[in-house]
Amino acid sequence: MSPKSALKAKSEPVPPETPSRPLALLQWYDRHRRRLPWRAPPGEASDPYRVWLSEIMLQQTTVKAVGPYFEKFVSRWPDVTALGRASQEDVLRMWAGLGYYSRARNLHACAVAVTREHGGTFPDTEVRLRALPGVGPYTAAAIAAIAFDRRTMPVDGNIERVVSRLFAVEEELPQAKPLIQELAATLLADSRAGDSAQALMDLGASICTPKKPACSLCPLNEGCTARALGTQDTFPRKAAKKSGALRRGAAFVVTRGDELLVRTRPEKGLLGGMTEVPGSDWLAGQDDAKAKRQAPELKGLSRWQRKVGVVTHVFTHFPLELVVYTARVEARTRAPASMRWVPIATLADEALPNVMRKVIAHGLDPSSPSC
DNA sequence: AACACGTGGGG
DNA sequence: TCCCCAAGTGT
């Protein structure tokens with residue numbers, strides 16, 4: 001379709017040569033859309049399973065990081081019922097490294113629910129999608145729009161940014177969410193709701209970026225209030241968030257031949273359900289001596305060796321410093337209650353969060369000295 | 001309504 | 001280096 005005919009089609013409230021914002025957006029999208037593994041080719045229907053899976057993975061996570069995980073998941077579990085049949089443990093193993101592990105637990109719970117309560121078919125309304133584990137207001141709207149072409153506008157961080165600039169929303173996030181939601185809905189075309197949403201997200205990801213937005217390339221630049229004011233960099237407004245205090249702890253890397261002592265973290269909370277080496281609590285202001293007292297008790301343990309240096313890791317809400325102690329025990333030494341031995345060679349298959357991969361790498365590194 | 005919840009990359 | 005950010009949800 002030529003731009004001209006599109007202009008003619010709907011141009012009521014605006015000057016004849018200016019397409020409406022929803023249409024301008026769609027025209028831009030048809031030329032510049034990103035090709036992503038979970039997106040259907042133009043004109044084709046998208047698979048709700050792939051849309052859902054990608055939306056969960058993309059929560060607070062970059063497209064680049066998601067790519068390989070998405071491929072691994074769809075190749076191992078091609079549809080919801082397959083995923084519903086998997087064990088939560090297998091799902092956590094495949095998710096290890098992506099972060100926010102409650103997403104993986106909810107992903108599995110959701111697959112089970114869709115299989116058992118919806119006959120293996122995703123519900124196609126926002127309300128019923130919203131009732132699924134791990135599916136909040138954003139994801140429900142995104143699936144409804146993208147997979148089922150429901151006329152609704154999901155609002156994510158990209159869209160918040162684009163909309164807050166377009167209308168120069170002075171109110172701070174997250175208080176401004178309802179207003180932004182309302183304004184975002186005005187960018188919905190009469191049809192192709194999913195493309196409207198994805199267009200806005202692509203725009204936010206590639207043009208209307210957090211820093212130095214490329215306004216000259218933006219299909220909405222003419223009507224953008226922030227740009228007119230030259231203040232686009234200052235939106236969205238939000239209060240600075242406080243960072244958590246440094247926490248310290250100790251981690252214990254115990255080997256028995258070519259095996260490593262590990263345990264599983266509690267279901268809920270930080271790194272819930274993931275594998276770890278035994279360790280102390282992680283507390284602000286904790287000293288090394290106190291942390292070391294929480295070492296596991298093992299028969300046939302010669303002595304603890306403290307590795308030089310510390311392992312540092314930054315979580316969303318606090319930074320962490322871990323001192324690493326190593327020890328070897330004799331063959332056939334029993335693992336303490338609720339712990340187990342795993343071959344070091346198969347560690348890659350464990351549900352190990354990255355902080356634990358760092359700890360183990362440091363503890364096992366023969367070139368790094370002990371004190 | 002705040003706060004918990006991972007990780008890696010960019011400026 | 002440090003700080004912010006990335007397709008948010010659950011409590």
Side-chain angles (χ1 to χ4, degrees), chain A residues 34 36-39 46 50-70 92 95-107 109-110 129-147 153-162 172-175 177-178 181 184 194 196-206 208-213 233-234 236 238-247 265-274 276 282 312-320 351-358:
Chain A
R34 291 178 292 176
L36 300 170
W38 43 87
R39 293 229 279 229
S46 43
R50 295 167 70 93
V51 173
W52 162 71
L53 179 60
S54 66
E55 288 301 339
I56 301 298
M57 288 183 165
L58 286 162
Q59 289 168 8
Q60 300 291 285
T61 309
T62 57
V63 166
K64 185 180 175 206
V66 166
Y69 284 85
F70 180 82
L92 282 176
W95 194 278
L98 236 204
Y100 284 141
Y101 299 101
S102 67
R103 291 185 298 172
R105 301 194 298 274
N106 285 146
L107 184 84
C110 184
L129 284 162
R130 181 71 184 74
L132 264 9
V135 178
Y138 162 76
T139 305
I143 298 172
I146 298 168
M153 181 63 88
V155 178
D156 70 339
N158 284 312
I159 298 182
E160 281 175 352
R161 187 170 57 254
V162 174
E172 282 189 349
L173 284 169
Q175 292 75 24
K177 276 174 182 285
Q181 172 72 250
S196 290
Q198 293 178 96
L200 230 31
M201 293 184 216
D202 280 15
L203 192 61
S206 55
C208 196
T209 49
K211 289 163 190 169
K212 305 266 171 84
D233 287 339
T234 69
K238 54 175 76 171
K241 54 191 116 183
K242 55 236 170 211
S243 67
L246 172 69
R247 299 186 198 178
R265 291 179 64 91
E267 268 303 301
K268 304 241 167 204
L270 188 66
L271 308 176
M274 302 296 285
E276 66 174 359
W282 298 344
T312 63
H313 191 76
V314 181
F315 293 99
T316 307
H317 48 309
F318 66 92
L320 176 67
L352 282 172
N354 278 6
V355 60
M356 283 301 139
R357 293 186 189 274
K358 287 188 200 172

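We name chains A, B, ... by the order of the sequence lines, and we start the count at 1 in each one. These numbers come from the heavy atoms of this one structure, side chains and all, not from hydrogens, waters or symmetry mates.
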- May I ask you to say what A:P137 touches in the nucleic acid, namely base, sugar-phosphate or nothing, with a heavy-atom cut-off under 4.0 Å? sugar-phosphate
- Task: Find which nucleotide of DNA chain C each of A:R130 and A:A205 is nearest to by heavy atoms, and output the residue with the more 5' nucleotide.
- Result: A:A205
- Does A:T139 reach the main-chain N or O of A:G134 with its side chain, forming a donor-acceptor pair under 3.5 Å? no
- ring pair (Phe, Tyr, Trp, His ring centres under 6.0 Å) against A:Y69, all qualifying residues, sequence neighbours excluded: none
- To the nearest angstrom, the CG-C1' distance between A:D233 and C:dC5 comes to 15 Å
- A:W95 and A:I56: side chain to side chain contact (heavy atoms under 4.5 Å, CB included), yes or no, with the steps? CA-CA 12 Å; A:W95 194 278; A:I56 301 298; 4.0 Å; yes
- Message: Measuring only the P atom in each nucleotide, how far is B:dG8 from C:dT9? A whole number of Å is fine.
- Response: 23 Å
- Query: Could you walk me through whether A:Y138 and A:Q59 pass the side chain to side chain donor-acceptor pair (under 3.5 Å) check?
  - Reply: CA-CA 10 Å; A:Y138 162 76; A:Q59 289 168 8; over 6 Å; no
- Under 4.0 Å between any heavy atoms, over every strand shown, what does A:S54 touch: base, sugar-phosphate, or nothing? Just pick one. nothing
- Item | Length of the NZ-P vector between A:K177 and B:dA2, whole Å | 13 Å
- Separation of C:dC2 P from A:L246 CG (nearest whole Å): 12 Å
- Item | Partner residues of A:T316 under the side-chain hydrogen bond (donor to acceptor under 3.5 Å, both in side chains) criterion, sequence neighbours left out | A:Y100
- Query: Can you check the A:W52 CH2 to C:dT9 C1' distance for me, whole Å?
  - Reply: 15 Å
- Item | Same-atom distance (C1') from B:dC5 to C:dA6, integer angstrom | 14 Å
- Item | Any donor-acceptor pair under 3.5 Å from A:R357 side chain to A:L352 backbone | yes
- Query: How many Å lie between CE on A:M57 and C1' on C:dG8, as a whole number?
  - Reply: 15 Å
- Query: In whole angstroms, how far is the C1' atom of C:dT9 from the CG atom of A:L129?
  - Reply: 15 Å
- Message: Distance check needed: C:dC5 C1' versus A:L173 CG, whole Å only.
- Response: 13 Å
- Message: Counting the atoms with a prime plus P, OP1 and OP2 as sugar-phosphate, which does A:W38 contact under 4.0 Å by heavy atoms, base, sugar-phosphate, or nothing?
- Response: base
- Give A:I143 one of three labels, base, sugar-phosphate or nothing, depending on what nucleic acid heavy atoms sit under 4.0 Å from its own. nothing
- Under 4.0 Å protein heavy-atom contact, by nucleotide of nucleotides 4-11 of chain B - B base, S sugar-phosphate only: SBBBS---
- Would you mind telling me which residue lines up with the more 5' stretch of DNA chain C, A:K268 or A:G157, judged by nearest nucleotide? A:G157
- Message: What contact category does A:R357 fall into here, base, sugar-phosphate, or nothing, at under 4.0 angstrom with non-hydrogen atoms?
- Response: nothing
- Message: Tell me whether the rings of A:F318 and A:F315 are parallel (<30°), tilted (30 to 60°) or perpendicular (>60°).
- Response: tilted
